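Shown next, in C-alpha cells, is the structure this report addresses.
These figures come from a predicted structure and were not determined experimentally. Order of the sequence lines fixes the chain letters, A, B, ..., with proteins taken first and strands second; residue numbering starts at 1 for each chain.
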Amino acid sequence: MPENAPQPGSRLLLLDGHSLAYRAFFALPVENFSTTTGQHTNAVFGFVSMLINVLRDEQPTHVGVAFDVSRQTFRAEEYAEYKANRSASPSEFSGQLSLIEEVLDALRIPFLKKEGFEADDIIATLVTQALREDSGIDEVLILTGDRDSLQLVSERSTVLYPMRGVSDLARMTPEAVQEKYGVPPQRYPELAALVGETSDNLPGVPGVGQGYAAKWINQFDGLDNVITHADQIGGKKGESLREHLGDVLRNRRLNALVTDLQLELGPADLLKQPWDRQRVHTLFDSLEFQVLRTRLFDSLESQEEVEEGGFELDGALLGEGEVAAWLAEVGEAVVGVHVRGEWGAGTGRVEGLAMATADGRAAYLDTTGLGGEDDAALAAWLADPARPKVLHDAKGPALALAAHGWSLAGVTSDTALAAYLVRPDQRSYDLADLTLRYLKRELRQEAVGEEPGEQGELFAGEGAEAGHAVAATAMLHARAVLDLAEALAEAVEETGGQELLTQVELPLIGVLRGMEEVGIAVDADHLGALEAHFATEVGAAAEAAYAVIGKEINLGSPKQLQVVLFDELGMPKTKRTKTGYTTDADALTALLAKTGHPFLEHLLRHRDVIRLRQTIEGLLKTVAPDGRIHTTFNQMIAATGRLSSTDPNLQNIPIRTEEGRRIREGFVVGSGFESLMTADYSQIEMRIMAHLSEDALLIEAFRSGSDFHSITAARVFDVPAAEVTLEMRAKIKAMNYGLAYGLSAFGLGQQLGIEPAEARGLMEEYFETFGGIRDYLDGIVDVARRSGYTETIRGRRRYLPDLVSDNRQRREMAQRMALNAPIQGSAADLIKIAMLRVDEQLRTQGLTSRLLLQVHDELVLEVAPGEREALEELVRTEMAGAADLTVPLDVSVGTGASWHEAAH
DNA sequence: GCGAGGACGTA
DNA sequence: CGTACGTCCTCGCT
C-alpha cells in the first residue's frame, strides 16, 4: 500500500481559493489589514482565518486548494460576457493570491490550477474521484463562496458556504439545499440556469425568481422537461421563459462543472502533512499575522486528546496526632492546597483541608474539632512563608482560615489569578474548567465520582479503608491545583505576566482579605431615617404622577411607560431599543424640555428617589452584626485589571447629587478610630495618557501644576489661560475624559449638546494641539491589531480578537476597548501597587490605621487616634510614588467623621 | 425560579 | 455612535 493511501475515516477538505479570497477581500476593510510596509493582507487574512477555523472544526485528513488560472476559460470562449461585469481584479487583490500560495506552501497544503478552467471544475473533478468506491475517502467537504458548487452536494459531500463576511459557515447538506432552494442539489444548476447568476453576468429569465423556477422544475421533473413543455406554461412568466430559452440553455451549459479534468494530483495526494513550522513563522512574521499564528498553533494543540481517567494518588486521611509528621515529611516542597468550607462578607469557616505534593502524596484533614497540638502544627505550617503553597482563588480560603485564627503565608501561586492574567476576559476561572484546558484532565464531579466505592483506588496507601468521597475529591482538587500552578506558570511567563502575578496580584490577596475582614462602619440610624425620608418622597412623586395622567401605573415598567408617553400622551418617539423606545433619563429630560409635561417631572423625580431608597435598603440588608459592611472585592472580573466590589457594591455609592451624597454620610468612622480618610488621584487616566503618548504639551500641562482642564482648553482655543471661559473648559474637560474611551465626534456632540460638525471641529483642533495623543491612540490600535492584545505599562495584557472581525460593529467596539484598556489598566495596576505600598508602610511604621475601600482611583482609610498627620504623609508618599511617570502623580487627601465629610 | 432587557449608580 | 463594572426592577418564560 502506498504511504499516502487514504485510510478509512478519511475526510477530504477542498477549498475554492479564488472565491474565498475574493469574498475576504470585500468583507474586510483594507485599511485595517495592511503591513507596516504597506502590503495589503485583507484577502490573505480572511482566507487563512477561514482555513484555520475549518481545519480546527472539521479535522479533515486530506486538504487541497483549487485556484482559477486566468479569466480565459472555456466559458469565456463560449460566451464573451461571462463574468464580464466583474471589474478587473484590483492589483491589491491579485497580489495577495501569491501570498496565499506561499502560506499554503508553508502549511504543506497542495494547491491545483488548470489552464482554461476554473477552481470549481478542479473541485468537481476531485469530488468525483473521491466519491468513487476505491478512493478510500469517506466524506468530502467543500469550502467555497461560489454557489455553482452546490451541485456537488450529496450524502457524502457537503458544501460549507460563508454566510456573512468570513466567520459564519452554512453547512449545505442535501437537505439544506432542498430546504433553501426548493430543489435537490443536482438540480441546483437547473434552477440557477432559469434564475440567472448576476455575479457571473449570466442573465436568466426576466420575472422568474427562485420560487417559480423551483416550482417548474419540480412540476415537470427537471429543466429538460420544463423546456420541452415551455408552451404549457401560461401567463407573462411562461411567455418570458419561451423568449429566453436560449439564455437558459446557455446558462445551463456554462454552470455545469467539468468532472473529468486531467489533474496532476488526486485525492490521495492531498493527505495532510506536518507544517513547515519555520516557514510559517517567517511568513506570518512578514505578514504581521500574530493573531492568526496563535490561532493556528492553538488549533494544533486542541487536537490533543483529553487524557482518560485519573491517576494514582497516595492519599491519607490524617487522624489525631498525624499532622505534624505529614507536614514534616513534605518539608519545603510545594504543596497544592484545597480548602473545604465557606466564606464571604469578610469571614468564613473551614471544614477540612486537602494537600498534595508532586511526588503523588496527598492528605486530607478534617479541621472541625482539631486538637491543640495538631492545630498548632497546621497553624505553623500555614503561616510559614518558607513553606510554599499554591491555592486556587486563595482569598476566600484565606478568610476562612483567618476566621479560625490561622494566617496564610508562602502562597507562591494562585491558579485562578494566574489564569486571569493569562486571559483576563473570561467570565469564570472554575478549577474544573482550567484543569481541563491546561491539564487535559477531567475534574468534574461525575468523573471523580460521588460514592466512596468509586474512589478506592485513590487510597492506595494507608487510610484507604477509611476513604471518603469528600476527602478524595478534595485531594484530587489539591493535586489539580498543584499541577495547574506549574502549567500556568509557563503560560504566565509566556505572556509576560510573571512580575504582575508575584509582585502585585499575589500580595494583594492579603490586603484585600484584610479590607474585607475589617469592613466599613455604617450609621444605621442615619441610613434608616434617610430611607424613610426617600420612601415618603417616592410616595409623593408617584401620587403626583398618577394625578397628572389620571390613573395608577407601574412607574418602574418601561413597557407601561411607553404606552402612556407615546400612545396616550402622544409625545415624540425617543431612540429605539430592542423592545421599543427608550425611557431613560436623558430621553425623558429631552422630552420634558420639549413638552414641559408635568408627568415627566414627577416620573424623573420618582426614578431618582426610588433608586436612592433602594440603594439604602440594599446597604442596610448587608450590615453585619459588628455594625459594619463587609464588601467582597473581586480581583478577577474586570478585563482591564480593575477590582470590582459586590455584596454590596461599595464602588458605586452616589456622589454626584446633593441627595445622593447624604448616603455617604451613613458611612462613618468606627469605634476606636478617629476619622475616615479618603485619598484619590487627580486625572490619573489623563496623566497615564500623557506618559504613554509622550506628548510634550500635555506633559508640560501637568508639570505646570495648574488647573489641567483649563490649561488644555487654553491650548486648544489658543487663548491666554485667564481667558478660558467655563464653557471652553467644560468642552475640553468632556474631551479629556472621553478620549480614553474612544469617543466619537457624534458622542461628544451628544454629550455637549452641540452639532456633530462642531464636535468634529473641536476634536480636530484638539488633536492639532496635542498631536502626540493622536499618534499614540492610532498606534495602540495598530499595534494591538498586529499582536492581538493591548498592554499596560506593567505588562498586563488584554486580548482583543475582534480587532480583525469582519463585523464592523464588533470591530469598532474592539477598537474602543483597545484604546481604553492600556489606560484604564495602567491606572488599575498603579493603584494596586499603591495599596501594597500603603499597607506595607502601615505595618513598617507600626500604625494602627487601616485600609477599608478602594474605588478605582481612591482609597478610603480608617484613621487611628493620633495618626492623622502621619497617615496623610504616608498615603501621599506611597500613592505618589507608586509609579515613575514623566508627569507627577497628584494625590488629594481629606478626612472627616464620615465618607461624605472626608471628601474634598 | 430564571434570564433577558432596561435603567442607572460609580470611576 | 463612550470604557469598566454591579444591582435593581419588570416581564415572559419554564
Please determine, for the side chain of [X], which listed nucleotide ([options]) has the closest atom?
X        : options               : result
A:Thr577 : C:dC8, B:dA7, B:dC8   : B:dA7
A:Tyr741 : C:dT3, B:dA7, C:dT7   : C:dT3
A:Met817 : C:dT3, B:dG9, C:dG12  : C:dT3
A:Thr646 : C:dG12, C:dC1, C:dG6  : C:dG6
A:Ser644 : B:dG6, B:dA7, C:dG6   : C:dG6
A:Arg656 : B:dA11, C:dC11, B:dG5 : B:dA11
A:Arg816 : B:dT10, C:dA4, C:dT3  : C:dT3
A:Gln824 : B:dT10, C:dA4, C:dC11 : C:dA4
A:Arg607 : B:dT10, C:dT3, B:dC8  : B:dC8
A:Pro654 : B:dG9, C:dC5, B:dG6   : B:dG9

Is the A:His709-A:Tyr737 ring centre distance short of 6.0 angstrom? yes
Could you work out the separation of B:dG5 and C:dC1 based on their P atoms and round it to a whole Å? 15 Å
Below 3.5 Å, does any donor atom in the side chain of A:Asn649 face an acceptor in the base of C:dG6, or the other way round? no
Return yes if the base of C:dG2 and the side-chain atoms of A:Gln751 contain a donor-acceptor N/O pair under 3.5 Å, otherwise no. yes
Using a cut-off of strictly less than 4.0 Å, decide whether [X] has a side-chain nitrogen or oxygen near OP1 or OP2 of [N].
X        : N     : answer
A:Thr582 : B:dA7 : yes
A:Thr579 : B:dG5 : no
A:Ser645 : C:dC5 : no

Checking all strands, does [X] fall into the base, sugar-phosphate, or nothing category for heavy-atom contacts under 4.0 angstrom?
X        : value
A:Ala745 : nothing
A:Ile610 : nothing
A:Gly747 : sugar-phosphate
A:Arg798 : sugar-phosphate
A:Ala585 : sugar-phosphate
A:Ile684 : nothing
A:Ala638 : sugar-phosphate
A:Asp647 : sugar-phosphate
A:Met813 : sugar-phosphate
A:Ile637 : sugar-phosphate
A:Thr583 : sugar-phosphate
A:Gln560 : sugar-phosphate

DNA chain C nearest-nucleotide lookup for A:Leu743 and A:Lys621: closer to the 5′ end is A:Leu743
Over how many whole Å does the gap from [X] atom [atom1] to [N] atom [atom2] extend?
X        : N      : atom1 : atom2 : answer
A:Arg664 : B:dG9  : CZ    : P     : 13 Å
A:Phe633 : B:dA11 : CZ    : P     : 14 Å
A:Tyr420 : C:dA4  : OH    : P     : 12 Å
A:Leu603 : C:dC9  : CG    : C1'   : 14 Å
A:Met763 : C:dC1  : CE    : P     : 16 Å

So with a 6.0 Å cut-off around CD of A:Glu617, is the heavy-atom count from everything else above 12? yes
Is it true that, when you exclude A:Glu694 itself, more than 12 heavy atoms of the residues, nucleotides or ligands shown sit nearer than 6.0 Å to its CD? no
Indicate the atoms forming the closest heavy-atom contact of A:Thr632 with A:Ala345, along with that distance. OG1-N, 3.9 Å
Considering non-hydrogen atoms only, spot the tightest contact between A:Phe702 and A:Pro888 and give its length. O-CG, 4.1 Å
Are a donor atom and an acceptor atom from the side chains of A:Gln635 and A:Glu505 found within less than 3.5 Å of each other? yes
Applying the side chain to side chain contact (heavy atoms under 4.5 Å, CB included) test to A:Met813, which of A:Arg810, A:Arg816, A:Gln809 qualifies? A:Arg816
